[in-house]
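So the structure is just underneath, and the comments pick up after that.
Lettering of chains follows the sequences in order, A, B, ..., and the numbering in each one begins at 1. Every heavy atom of this structure was used, including side-chain atoms; hydrogens, water molecules and symmetry mates were not.
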Number of protein chains: 4
Amino acid sequence: MARKVGSVGTETADKVRQTALLLFARHGYAAVSMRQIARQIDLQAGAIYNHFPTKQQLLRDLLVSHMERLLAAWDAEGVEGLPAGEALVAFVRFHLRYHTQCGEEVFISYMELRNLEEENFLDIEALRKRYEKGLQDILERGVADGTFRISDPRVTTMALIAMLTGVTNWYRSNGRLSLGEIEALYVGMISGTVGLKEV
Amino acid sequence: MARKVGSVGTETADKVRQTALLLFARHGYAAVSMRQIARQIDLQAGAIYNHFPTKQQLLRDLLVSHMERLLAAWDAEGVEGLPAGEALVAFVRFHLRYHTQCGEEVFISYMELRNLEEENFLDIEALRKRYEKGLQDILERGVADGTFRISDPRVTTMALIAMLTGVTNWYRSNGRLSLGEIEALYVGMISGTVGLKEV
Amino acid sequence: MARKVGSVGTETADKVRQTALLLFARHGYAAVSMRQIARQIDLQAGAIYNHFPTKQQLLRDLLVSHMERLLAAWDAEGVEGLPAGEALVAFVRFHLRYHTQCGEEVFISYMELRNLEEENFLDIEALRKRYEKGLQDILERGVADGTFRISDPRVTTMALIAMLTGVTNWYRSNGRLSLGEIEALYVGMISGTVGLKEV
Amino acid sequence: MARKVGSVGTETADKVRQTALLLFARHGYAAVSMRQIARQIDLQAGAIYNHFPTKQQLLRDLLVSHMERLLAAWDAEGVEGLPAGEALVAFVRFHLRYHTQCGEEVFISYMELRNLEEENFLDIEALRKRYEKGLQDILERGVADGTFRISDPRVTTMALIAMLTGVTNWYRSNGRLSLGEIEALYVGMISGTVGLKEV
DNA sequence: CATGAATGAGACTTCATTCAT
DNA sequence: CATGAATGAAGTCTCATTCAT
């Protein structure tokens with residue numbers, strides 16, 4: 001009835017996070033119950049509430065921490081000094097690598113926005129905007145110095161992100177194409193999209 | 001708007017369909033209850049079962065009929081005889097027009113696939129493949145006659161569809177850009193993506 | 001899974017009301033669960049919600065209908081025309097008879113006020129005030145015509161009601177004293193309390 | 001304020017007692033959780049169990065200690081030697097003063113009896129009987145020496161206690177009437193009730 | 001002596017679905 | 001073809017209580 005021997009708070013919280021992520025990604029937030037999450041990690045449903053005050057907060061937590069990790073990873077790439085063309089290539093490769101490797105984790109941030117309550121939605125939205133801004137800055141830089149030929153950088157930003165993220169719908173690690181080959185294909189296509197002369 | 005075999009064609013059934021489509025699109029299949037649907041059209045939940053045997057079947061019905069309408073509309077465009085370049089432009093304009101105008105209704109076919117039971121999933125998947133095949137055929141035709149420069153038409157098909165469908169995430173009929181302007185932007189970008197020389 | 005043969009809405013609702021009344025009286029609103037109520041009348045807990053939207057509403061319903069019946073019964077006594085002394089005796093006898101015979105039903109209206117949400121509380125409170133007003137009017141009439149000697153009719157009203165209602169705490173239909181004897185005792189005591197000369 | 005045998009005398013235990021008393025009085029035993037009590041004194045629910053073995057025991061503890069304090073306070077009034085009339089007046093004043101000043105704390109001893117388990121109920125009941133006996137003795141003394149005219153001292157005892165305790169339902173320290181005025185009113189009314197000639 | 005994590009039960013309420021009327 | 005009442009399961013969350021730390 002009490003703490004299991006050896007159980008530690010952060011470990012359980014992490015297991016909840018991982019399991020919830022997986023299940024939310026697989027079946028959707030609304031279709032997954034707290035009981036289901038708990039069952040998978042051999043816990044009573046009520047115990048989850050020692051770590052997350054509500055199911056909604058658990059979702060928010062997942063999305064926030066995903067976006068923050070994503071932003072941190074992108075910042076770590078350090079492309080700021082690069083010429084626009086190289087920076088764009090770096091972004092494409094980064095986004096594909098990150099989103100195919102995080103696998104399902106990524107899925108839900110695009111999927112479950114409608115299940116967020118107002119305030120949580122705005123927070124996540126802000127983080128997503130910040131990430132998109134990274135790409136948009138590169139595009140605008142390239143337009144300014146003549147590297148790219150783009151009519152509307154905002155629209156192109158969203159078009160490219162949609163195009164790239166779509167990969168998660170069909171990518172399989174053991175599929176016909178390796179990640180490297182996929183990266184090359186997308187670099188090629190996107191170079192065309194933005195009117196880049198050579199890559 | 002052809003009615004599918006086996007579905008009941010009453011006024012009530014149609015109202016259920018419309019309401020369910022809207023609510024599923026807005027909140028997700030799992031988050032919408034039969035009671036909610038019924039309430040919106042001043043009905044008791046039980047009455048829905050006079051028209052649809054289960055909630056799952058209602059979702060299937062919606063997705064099938066959406067895909068069939070989409071395919072019929074695309075066939076009606078009659079682009080088969082056109083040169084690949086013109087056909088691609090036609091596809092881009094068609095897809096954008098159809099998906100922005102159907103509004104939310106379209107959303108769910110990409111969203112709710114995971115809530116379909118095996119058999120239903122396969123049926124919808126087949127219809128989606130058929131639609132994608134329309135684009136892929138154009139791309140392959142253009143590759144064959146030298147109009148496009150594309151490394152992997154299958155990947156490009158999926159990249160373009162993702163890019164185009166992404167528009168539904170931000171398009172607002174009273175937004176900064178008119179649908180015509182958006183179409184022009186995407187025709188421009190996609191021409192670059194497939195290496196088309198002039199448009 | 002559907003309606004039981006012969007089941008009728010109002011009958012079930014009434015059975016719920018009766019059972020809830022009994023259980024709330026016996027154990028208190030907070031200590032009684034919807035399941036307990038349902039179990040006693042061979043129903044699933046969820047079915048109660050076909051008749052009452054919430055547990056709180058069920059309590060409110062009980063209290064309102066108790067107070068309304070009480071007021072109606074008192075009005076039916078038709079004491080308005082009587083001299084104050086006789087009217088007071090009528091009130092005492094009525095209150096004792098009604099409250100001992102309704103038995104537990106009465107208990108909760110004094111007990112569960114704190115479990116009512118603001119708005120419901122105010123509604124019940126208003127009904128109780130109306131009932132108390134009946135007694136207060138008699139007292140004031142008697143003061144005006146010299147029948148009673150009372151310093152503060154408002155305080156006396158509440159004192160008498162508390163004194164009378166207290167009977168429900170110990171009255172047993174098979175106890176040492178018959179209801180008639182109890183009535184006589186209280187008429188005697190209360191006559192003294194209000195300074196009435198003879199009864 | 002004597003501490004009962006077996007109870008722990010720490011500061012924390014006292015804070016628990018005070019808080020529980022207040023919350024039980026306000027919302028009722030069943031409606032108050034151990035967590036709520038703990039939260040109010042910046043404690044974890046588990047910590048309460050270092051001081052009280054169960055919630056039930058905590059309630060019992062509260063009621064017992066309330067009744068013991070009440071009895072001790074009454075004994076301290078030292079009315080045994082007084083003539084019945086004066087003793088009754090003393091009782092009335094004492095009861096009103098004690099019950100209005102302890103405020104809500106008193107409420108629960110009349111309210112939560114039904115939430116006591118058998119054995120605890122009997123213990124509290126015995127204490128209450130002892131207190132009532134104090135009044136009944138006075139009444140019987142007064143009947144014996146002709147000071148009072150009372151038909152049934154047992155019933156009158158309960159009637160008077162109910163009447164007096166009812167004050168806690170409406171008394172406000174900043175209300176229309178001061179405690180002194182209220183005492184005077186009740187002394188007056190009760191003198192009438194028991195047929196006392198002059199006060 | 002307090003914390004924090006856990007249990008197992010159970011709270012209110014809603015769900016998809018059924019079916020007598 | 002709709003209603004309204006029902007089932008049985010399950011939803012989120014809270015409860016009293018326990019106990020390793």
Please give, in whole Å, the distance from F:dC1 P to B:Asn50 CG? 7 Å
Between F:dC13 atom P and A:Gln44 atom CD, what is the distance in whole Å? 16 Å
Using a 4.5 Å cut-off on heavy atoms from C-beta on, say whether the side chain of A:Arg128 contacts that of A:Leu113. yes
For B:Ile41 and F:dT3, what is the distance between atoms CD1 and P respectively, to the nearest whole Å? 10 Å
Both distances below 3.5 Å, Watson-Crick or wobble geometry, any strand: find the nucleotide opposite F:dG11. E:dC12
Nearest-Å distance for atom pair CG/P, residues C:Leu59 and E:dC12: 12 Å
Between P of E:dA11 and CE of C:Met34, the distance in whole Å: 11 Å
C:His66 vs C:Leu63 side-chain heavy atoms within contact, under 4.5 Å: no
List the steps and the verdict of side chain to side chain contact (heavy atoms under 4.5 Å, CB included) for C:Leu58 and C:Ile37. CA-CA 11 Å; C:Leu58 175 53; C:Ile37 298 170; 4.1 Å; yes
Within this structure, what is the OH-to-P distance between D:Tyr49 and E:dG4, rounded to whole angstrom? 18 Å
Pair partner, E:dC1 [Watson-Crick or wobble, under 3.5 Å]: none
Sole candidate of D:Asn120, D:Asn115, D:Thr54 that passes side-chain hydrogen bond (donor to acceptor under 3.5 Å, both in side chains) when paired with D:Arg60: D:Asn120
5'-most contact on DNA chain E: B:Tyr29 or A:Ala47, nearest heavy atom basis? A:Ala47
Specify the separation, in whole Å, of atom NZ of D:Lys15 and atom P of E:dC1. 14 Å
Strictly below 4.0 Å: does C:Thr12 bring a side-chain N or O up to OP1 or OP2 of F:dA6? yes
I want to check one thing: is the phosphate of E:dT14, taken as OP1 and OP2, less than 4.0 Å away from some side-chain N or O of B:Ser33? no
Taking all atoms of both residues into account, what is the closest heavy-atom pair of C:His51 and C:Ala47, and its distance? CD2-O, 3.5 Å
Gap between atoms CD and P, on A:Gln36 and F:dG11 respectively (whole Å): 6 Å
Using the closest heavy atom to pick a nucleotide of DNA chain E for each, name whichever of B:Thr54 or C:Val32 lands nearer the 5' end. C:Val32
Side-chain N or O of C:His51 less than 4.0 angstrom from OP1 or OP2 on F:dA6? yes
If you look at every strand shown and take non-hydrogen atoms under 4.0 Å, does A:Ile48 touch a base, only sugar-phosphate, or nothing? nothing
Any side-chain N or O of C:Arg35 under 4.0 Å from OP1/OP2 of E:dA11? yes
5' priority, DNA chain F, between A:Pro53 and B:Ala45 [closest heavy atom]: B:Ala45
